[in-house]
Amino acid sequence: MDRYYHIGFGKGDLGATPPTLAILSGDPDRASLIAQKWLHDSKVLSENRGLASYLGNLPNGRPVISATSGMGAPSLSIVVNELVQVGIRTIIRVGTCGSIQDHVRPGSVVISQAALARQGAANDIAPPEYPASADPFLTVALVEAAKAQGIEYHLGITASVDTFYEGQERTGSANPHLLRALQGITEEYRNLRILNYEMEAGTLFKMGNVYGFAAACVCGVIAQRTRSEQPVLEAKAQAVDRAIRVALAAAERFA
């Protein structure tokens with residue numbers, strides 16, 4: 001039985017009714033939480049190279065994979081490529097993000113309709129001018145799920161960048177000397193009505209359009225960059241819980 005080098009499993013590990021949908025989390029603990037708390041009859045597919053993957057069933061009985069993409073677009077691009085090869089045709093990213101707009105508050109969720117993809121990995125998939133857009137039907141399902149659950153959500157454009165510190169204009173790091181091209185970039189993005197920073201959606205969206213699968217992203221807001229560079233840790237659990245609930249409710253319509 002062939003298993004893919006990075007994700008550590010293959011089609012033969014997915015059972016008689018293989019899943020076509022995956023919930024993708026950067027944090028391996030979040031992938032595990034989704035599998036253990038929210039899915040039925042979950043089991044470990046692989047923990048190869050720290051990339052944990054689980055197989056389970058949604059409340060409606062449909063199979064789904066909860067997988068870790070790792071931090072950043074290069075790692076995500078590897079995991080997504082191999083997930084598509086095992087038969088995944090729909091991917092919902094469940095992440096965390098930092099707001100760059102006053103009205104997008106910690107504890108809420110951002111549903112990305114498209115991304116400004118300032119990512120080397122995204123440019124390897126398609127040129128910079130190629131649109132990094134989410135699947136519209138899957139995105140609407142996320143919005144409807146948030147509405148149905150009374151969850152505060154924001155729909156708009158996300159800035160996907162390769163670095164957590166410099167690329168998001170953080171000066172409170174080991175490198176306080178930002179390149180001139182990055183100085184003031186957050187204000188520029190704010191004026192473009194971009195809602196948030198994160199590190200994976202742009203590459204995921206380009207891959208979806210180029211490879212031919214449906215991709216969407218919902219992120220819990222855990223930082224308010226109009227006030228501080230630091231994550232608001234007391235809001236993280238609520239934000240992540242809300243993002244997961246929105247993703248799973250949408251997943252039931254597509255799995």
Side-chain angles (χ1 to χ4, degrees), residues 4 6-7 11 14 18-26 30-31 34 51 53 58 62-97 109-146 155-162 194-219 243-244 246-255:
Y4 287 90
H6 299 91
I7 59 175
K11 293 181 179 180
L14 299 180
T20 60
L21 186 146
I23 306 291
L24 204 58
S25 306
R30 190 177 311 128
I34 291 170
L51 297 171
S53 300
L58 293 164
R62 299 295 297 169
V64 66
I65 289 174
S66 175
T68 309
S69 66
M71 287 189 291
S75 179
L76 174 136
S77 71
I78 296 169
V79 172
V80 168
N81 190 303
E82 294 184 2
L83 286 175
V84 171
Q85 292 185 70
V86 299
I88 294 300
R89 295 295 176 263
T90 303
I91 295 177
I92 302 174
R93 164 166 152 71
V94 177
T96 56
C97 67
V109 302
V110 170
I111 298 168
S112 304
Q113 64 189 65
L116 182 153
R118 205 178 77 226
Q119 297 175 309
N123 292 342
D124 279 355
I125 306 302
E129 60 270 24
Y130 188 94
S133 57
D135 180 85
F137 303 104
L138 191 54
T139 302
V140 168
L142 292 172
V143 170
E144 291 177 345
L155 174 67
I157 308 298
T158 287
S160 287
V161 301
D162 273 341
I194 290 171
L195 298 182
N196 61 320
Y197 277 125
E198 59 81 74
M199 298 174 62
E200 289 89 11
T203 295
L204 174 65
F205 293 166
K206 281 194 176 184
M207 294 181 82
N209 287 315
V210 171
Y211 291 17
F213 66 87
C217 176
V218 56
C219 287
I244 291 171
V246 167
L248 291 176
E252 287 199 277
R253 295 177 53 180
F254 282 82

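The structure displayed is predicted, hence computed values, not measured ones.
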Is [X] reaching over with its side chain to a backbone N or O of [Y], donor-acceptor style, under 3.5 angstrom?
| X | Y | value |
| --- | --- | --- |
| K206 | A132 | no |
| D162 | A73 | no |
| Q113 | A134 | no |

So which atom in [X] and which in [Y] form the shortest heavy-atom distance, rounded to 0.1 Å?
| X | Y | value |
| --- | --- | --- |
| L204 | A216 | CD2-O, 3.8 Å |
| P63 | A255 | O-CB, 4.2 Å |
| I88 | P19 | CD1-O, 3.7 Å |
| S160 | G202 | OG-N, 2.9 Å |
| G26 | S69 | CA-OG, 3.6 Å |
| V86 | I7 | CG1-CD1, 4.2 Å |

Check your understanding: What do the steps show when you test L76 against L24 for side-chain contact (heavy atoms from CB on, under 4.5 Å), and what is the final call?
Key -> CA-CA 9 Å; L76 174 136; L24 204 58; 3.8 Å; yes
In Å, rounded to the nearest 0.5 Å, how long is the span from [atom1] of [X] to [atom2] of [Y]?
| X | Y | atom1 | atom2 | answer |
| --- | --- | --- | --- | --- |
| S77 | D124 | OG | CG | 8.0 Å |
| I111 | T139 | CD1 | OG1 | 8.0 Å |
| C217 | D135 | SG | CG | 13.0 Å |
| L155 | S112 | CG | OG | 8.5 Å |
| R89 | L83 | CZ | CG | 10.5 Å |
| L21 | L58 | CG | CG | 7.0 Å |

**Study point:** Non-neighbouring partners of R30 that pass side chain to side chain donor-acceptor pair (under 3.5 Å), sequence neighbours left out
**Key:** none
**Study point:** E82: side chain to side chain donor-acceptor pair (under 3.5 Å) partners, not counting sequence neighbours
**Key:**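 Testing E82 for side chain to side chain donor-acceptor pair (under 3.5 Å), a comparison that skips the adjacent residues, returns H6.
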Exercise for review: Quick one: do I65 and I23 satisfy side-chain contact (heavy atoms from CB on, under 4.5 Å)? Show the steps, please.
Suggested key: CA-CA 6 Å; I65 289 174; I23 306 291; over 6 Å; no
Practice item. For the pair E200 and R93, find out whether any cationic side-chain nitrogen is under 4.0 Å from an anionic carboxylate oxygen. Key: yes
Could you check whether any side-chain heavy atom of [X] comes within less than 4.5 Å of a side-chain heavy atom of [Y], counting everything from C-beta outward?
| X | Y | answer |
| --- | --- | --- |
| F205 | P131 | no |
| I92 | L142 | yes |
| V218 | V110 | no |
| K11 | P18 | no |
| F254 | R62 | no |
| S133 | N209 | yes |
| Y211 | I125 | yes |

Practice item. In sequence, state the C-alpha distance, the side-chain angles, and the governing distance for N81 and Y4, and then conclude on side-chain hydrogen bond (donor to acceptor under 3.5 Å, both in side chains). Key: CA-CA 10 Å; N81 190 303; Y4 287 90; over 6 Å; no
Exercise for review: Indicate whether any N or O donor in one side chain lies under 3.5 Å from an N or O acceptor in the other, for T158 and E198.
Suggested key: no
Exercise for review: Show your reasoning for whether side-chain contact (heavy atoms from CB on, under 4.5 Å) applies to C219 and T96.
Suggested key: CA-CA 5 Å; C219 287; T96 56; 5.7 Å; no
Check your understanding: Please walk me through it: do S25 and I34 pass side-chain contact (heavy atoms from CB on, under 4.5 Å)?
Key -> CA-CA 9 Å; S25 306; I34 291 170; 3.7 Å; yes
